[in-house]
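So the structure is just underneath, and the comments pick up after that.
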Protein chains: 2
Amino acid sequence: MKIYDKQRSRFEARASVLKALAHPTRLFMIEELAKKSYCVCELTEMVGLDISTVSKHLSILKNAGLVNVEKKGKQVFYSLRMRCALNFLDCVEAVLREQAQDRMDAIQ
Amino acid sequence: MKIYDKQRSRFEARASVLKALAHPTRLFMIEELAKKSYCVCELTEMVGLDISTVSKHLSILKNAGLVNVEKKGKQVFYSLRMRCALNFLDCVEAVLREQAQDRMDAIQ
DNA sequence: TTCATATTTGGCATAATAACCAAATAAAAG
DNA sequence: CTTTTATTTGGTTATTATGCCAAATATGAA
């Protein structure tokens, strides 16, 4: 029995949340939803993919608990639920800046 | 031309960093590497997967810029580079607690 | 040099993702 | 009730990810 096995389900749960974030379209939508709530058709217009694709992306964010959903008439509005998700995008940006620096160092 | 298209490469870069994190085994290793550096063979013993699998996971973390690598004799030691990655695991934990709460609410 | 140990790389099988289209469902309007 | 609009779901295909084994590489010891 390895150390990892004992805690595997805990790390699987964390990974599933991070997986929900780890897609460019979903990251874009999260950033937009941080500003205000949007319906599926508005988000579809912004991203330029098929509406069924956008709907599925939103469903992934919803299942991960990252967004709220509110139905208004025929439309469904999504909004950002976990605003802390934004904070850690700052860390991701820091990682990217370091990556860029590494590439510079490699050239010199 | 959609809003998203103009910034797509920026979101792709972010997503690639998050993808590197979004795996249970890699999250486990990141948490361990936060405590101290380990060689590949030690990590392999902890996770209980094939050493080639562990090596590939570490390579993914390295390419994302999340860990440092240092060779000492025959062994290769990895250590956590971006400690801010730990902070946002706190956010992930918060999301998971909310998920659990939602499930409780659904039952009641 | 040869051997043993540590790590990485290539190849392959399987599983998971993501995109689209088409069809199903939901809600409001005519 | 039928139509229209908005959204979700099911199905298919293409791409990517994961894990193992075997082979290649690297380092140090004998």
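Atoms considered below: every heavy atom in the structure, side chains included; atoms not considered: hydrogens, waters and symmetry mates. Since we're looking at a predicted model, the values are computed, not measured. Naming: A, B, ... by sequence-line order, numbering from 1 per chain.
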Ring-face cation contact, B:Y38 with B:K36, 6.0 Å cut, 45° max: yes

Can you tell me the distance, in whole Å, between the [atom1] atom of [X] and the [atom2] atom of [N]?
X	N	atom1	atom2	result
B:E70	C:dA6	CD	P	18 Å
A:Y38	D:dT7	OH	P	14 Å
B:L61	D:dT18	CG	P	11 Å
B:K62	C:dT9	NZ	C1'	12 Å
A:K72	C:dA26	NZ	C1'	18 Å
B:H23	C:dA16	NE2	P	11 Å
A:K71	D:dT5	NZ	C1'	13 Å
A:Q75	D:dT4	CD	P	18 Å

Of A:E42 and B:T25, the one whose closest DNA chain D nucleotide lies more 5': A:E42

5′-ward residue of the pair B:A22/B:S52 relative to DNA chain D: B:A22

Quick one: is [N] close enough that its OP1 or OP2 comes under 4.0 Å of any side-chain N or O from [X]?
X	N	value
A:T53	C:dC20	yes
A:H57	C:dT17	no
A:Y78	D:dT8	yes

Once you apply a heavy-atom cut-off of 4.0 Å, does [X] come out as touching a base, just sugar-phosphate, or nothing?
X	answer
B:L49	sugar-phosphate
A:S59	nothing
A:F77	nothing

Side-chain donor/acceptor of B:K56 to base of C:dG11, under 3.5 Å: yes

First encountered from the 5' end of DNA chain C, between A:I51 and A:K74: A:I51

B:K19 side chain reached by B:I60 side chain, heavy atoms, under 4.5 Å: no

Heavy-atom check, side chain of A:M29 versus side chain of A:V54, under 4.5 Å: yes

A:D50, nearest nucleotide to its side chain (from D:dC20, C:dT7, C:dC21): C:dC21

A:V76, nearest nucleotide to its side chain (from C:dA18, D:dT7, C:dA27): D:dT7

Side-chain donor-acceptor pair present, B:Y78, B:S37, cut-off under 3.5 Å: no

Verdict with reasoning, B:E31 to A:R10, per salt bridge (Lys or Arg N to Asp or Glu O under 4.0 Å): CA-CA 12 Å; B:E31 197 163 286; A:R10 188 172 132 244; 2.9 Å; yes

